Chemist: 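Structure below; questions to follow.
Just so you know, these numbers come straight off a predicted model, no measurement behind them.
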Amino acid sequence: MKKLPSIFRQKKTWTTLVVIALVLIALGLITLSSLKKTDAKTTANKPGKTISTDVAKKTAEDFINNFLMQGGSKATIKDVTTEYGLYKMSVDITSDVVESYMTKDGKLFFPQALNVAEVTAAKNGTGAADASGSAAAPSATVTKKSDVPVVELFVMSYCPYGTQIEKGMLPVLAALGNKINFELKFCSYAMHGEKELKENLLQYCIQKEQNAKFEPYLKCFLENSDSASCLASTGVNAAAANQCATKTDTQFKVMANFTNKIGYQGSYPGFDVEKADNTKYSVGGSPTLIINGEDIQSGRDSASLLKTICSAFNNAPKECSTVLSSDAPAPGFGTATAPASAGSAAAGCGQ
């Protein structure tokens, strides 16, 4: 995904830096003065009510096309996800796709964000990079520690980026075992149709009632996406799993709401089975990784995920020294790997 060029990456003379600094200071003083005057008269600068992703998408498209585009060109928002407490948008501008952000009340729009760690690494010559020159996806540090970290991973069962992080997560679960409390959960809407709603229900039930079979089933499903063969090959009691899925479907009216177009989020059907947890953590898309109640952005390769989760322990166990692959799984189904940049925490399925 391309980003706008930045003047901060260009080679500069001392005189140029001084001029830039003076300009920024002047602009800052003017902006501060303007904000103070405005704030004295109105509350427009204060955060407002969170708007939906559909409204955010339309607001951003209208703003970009009415005020930022030139020469008759038109931009479209490809998708909207949540990152760092903001709406993150993939803006398609003719042949380029640019990452942009908007506050959740729709008041402030940021054409581009600079990743401090990546810029610093590029400046200092540190950090691994792939063939395209992008910094490799980092592990993240969890600030809320516990003896037994609680790891909740929200996905859509057919989201290629959800399956990507699941493939990276499985070796971590095998290494840490009961040292952590892991649960796979599902986003409160589905972007991949009826098949995703049904697979969500099935996986929810296998994990709930036949937990010992869940990881083998998930590994099989992530490799070939053939639910029926995976049920058979991993020894899941299919009758019990389907009975649970039917009961859960009836309780939460998943398929009925899908058919009757009730509870949709935008153009996507709802999946209310774990809606309370989605609301609790403000889950915006797949994947969303929550560790000890903290929204974490981590690389999706097994080594990064292990390091990230192990940072959540009060005292990390010996299993945290396990050497796991740093190759990022490829998005989607299968066993292929991808360049390091494809394992970043940026890509996801969201409205």
Side-chain angles (χ1 to χ4, degrees), residues 1 48-66 69 74-83 85-94 97-107 109 153-166 185-204 225 227 245 248-288 331-333 346-351:
M1 185 170 289
K49 184 179 179 181
T50 297
I51 60 177
S52 70
T53 51
D54 281 344
V55 174
K57 179 178 179 180
K58 185 178 187 307
T59 301
E61 281 188 349
D62 290 345
F63 176 73
I64 294 169
N65 289 319
N66 290 334
M69 297 299 292
K74 184 177 181 180
T76 57
I77 307 298
K78 303 292 287 185
D79 57 70
V80 181
T81 58
T82 296
E83 185 172 289
L86 302 168
Y87 282 137
K88 177 182 177 182
M89 303 174 174
S90 296
V91 186
D92 190 345
I93 306 174
T94 59
V97 178
V98 180
E99 293 176 355
S100 299
Y101 292 80
M102 174 178 279
T103 54
K104 287 194 170 183
D105 59 5
K107 289 185 177 181
F109 178 77
L153 177 59
F154 291 81
V155 299
M156 302 172 191
S157 56
Y158 278 87
C159 169
Y161 305 107
T163 59
Q164 179 188 35
I165 195 172
E166 287 176 291
K185 297 185 176 181
F186 296 97
C187 296
S188 59
Y189 63 100
M191 296 183 66
H192 306 89
E194 183 178 1
K195 67 177 182 179
E196 186 164 75
L197 296 172
K198 291 182 176 179
E199 183 63 30
N200 287 0
L201 286 167
L202 182 63
Q203 290 187 22
Y204 170 82
S225 71
S227 179
T248 306
D249 176 28
T250 301
Q251 179 183 354
F252 293 97
K253 301 179 180 179
V254 175
M255 299 311 300
N257 287 342
F258 168 71
T259 301
N260 298 319
K261 296 191 179 299
I262 296 173
Y264 273 48
Q265 295 191 28
S267 58
Y268 304 118
F271 187 81
D272 291 347
V273 177
E274 289 162 319
K275 186 175 182 178
D277 287 336
N278 277 258
T279 301
K280 177 182 178 181
Y281 298 122
S282 299
V283 174
S286 167
T288 297
F333 296 99
C349 299
Q351 291 179 303

Chemist: Which heavy-atom pair separates H192 from C349 by the least distance, and what is that distance?
Modeler: CE1-SG, 4.0 Å
Chemist: Can you confirm whether E274 sits close enough to Y204 that some side-chain heavy atom of one is under 4.5 Å from a side-chain heavy atom of the other?
Modeler: yes
Chemist: Give the intermediate values and the outcome of side-chain contact (heavy atoms from CB on, under 4.5 Å) for residues K57 and T53.
Modeler: CA-CA 6 Å; K57 179 178 179 180; T53 51; over 6 Å; no
Chemist: Give, for atom CG of D54 and atom OG of S267, the distance between the pair rounded to the nearest 0.5 Å.
Modeler: 6.5 Å
Chemist: Search all heavy atoms of G350 against all heavy atoms of D79 and return the closest pair with its distance.
Modeler: O-CB, 3.6 Å
Chemist: For side-chain contact (heavy atoms from CB on, under 4.5 Å), just list the numbers for M191 and C159, CA-CA rounded to whole Å, side-chain angles, deciding distance to a tenth of an Å, and then say yes or no.
Modeler: CA-CA 8 Å; M191 296 183 66; C159 169; over 6 Å; no
Chemist: Are N278 and C187 side-chain neighbours, meaning at least one heavy-atom pair lies under 4.5 Å?
Modeler: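 A side-chain contact exists here, since the closest heavy-atom pair is under 4.5 Å.
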Chemist: Is there side-chain contact between I64 and I77, with heavy atoms separated by less than 4.5 Å?
Modeler: yes
Chemist: Are any non-hydrogen side-chain atoms of V273 and T248 less than 4.5 angstrom apart?
Modeler: yes
Chemist: State, with a plain yes or no, whether a side-chain heavy atom of F186 is found less than 4.5 Å away from one of Q203.
Modeler: yes
Chemist: Answer whether the closest heavy-atom distance between the side chains of Y264 and Y189 falls below 4.5 Å.
Modeler: no
Chemist: Ignoring hydrogens and geometry beyond distance, is a side-chain donor-acceptor pair present between D105 and T103 at under 3.5 Å?
Modeler: yes
Chemist: Please give me the minimum heavy-atom distance between V155 and P287, naming the atom from each residue.
Modeler: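 That closest heavy-atom pairing would be CG1-CB, 4.2 Å.
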Chemist: Testing the basics here: between T288 and V283, what is the closest heavy-atom pair and its distance to 0.1 Å?
Modeler: OG1-CG1, 3.6 Å
Chemist: Is any NZ, NE, NH1 or NH2 atom of the basic residue among D62 and K58 found under 4.0 Å from an Asp or Glu carboxylate oxygen of the other?
Modeler: yes
Chemist: Does some side-chain heavy atom of T82 sit less than 4.5 Å from a side-chain heavy atom of S282?
Modeler: no
Chemist: Any donor and acceptor pair, going by atom type alone, linking the side chain of D249 with main-chain N or O of M255 inside 3.5 Å?
Modeler: yes
Chemist: What's the spacing between L197 CG and Y158 OH if we round to 0.5 Å?
Modeler: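 These two atoms lie 11.0 Å from each other.
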Chemist: Answer yes or no: is there a donor N or O on one side and an acceptor on the other, between the side chain of Y87 and the main chain of I51, under 3.5 Å?
Modeler: yes
Chemist: Using every non-hydrogen atom in the two residues, find where V80 and M89 come nearest and quote the distance to one decimal.
Modeler: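 Minimum heavy-atom contact is CG2-CG, 4.1 Å.
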Chemist: Are K195 and E199 within salt-bridge range, i.e. N to O under 4.0 Å?
Modeler: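 No, this pair does not count.
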Chemist: For D272 and S188, which heavy atoms make the closest approach, and how far apart are they?
Modeler: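 For D272 and S188, the tightest heavy-atom pair comes out as OD1-O, 4.4 Å.
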Chemist: CZ/F252 to CZ/F271 distance, rounded to the nearest 0.5 angstrom?
Modeler: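 The distance works out to 8.5 Å.
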Chemist: Is the NZ atom of K185 crowded by more than 12 outside heavy atoms at less than 6.0 Å?
Modeler: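 For K185, atom NZ is crowded (more than 12 foreign heavy atoms under 6.0 Å).
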Chemist: Quick one: pull up CE in M102 and CG in L86 and give me the separation to the nearest 0.5 Å.
Modeler: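 So the CE of M102 and the CG of L86 are separated by 10.5 Å.
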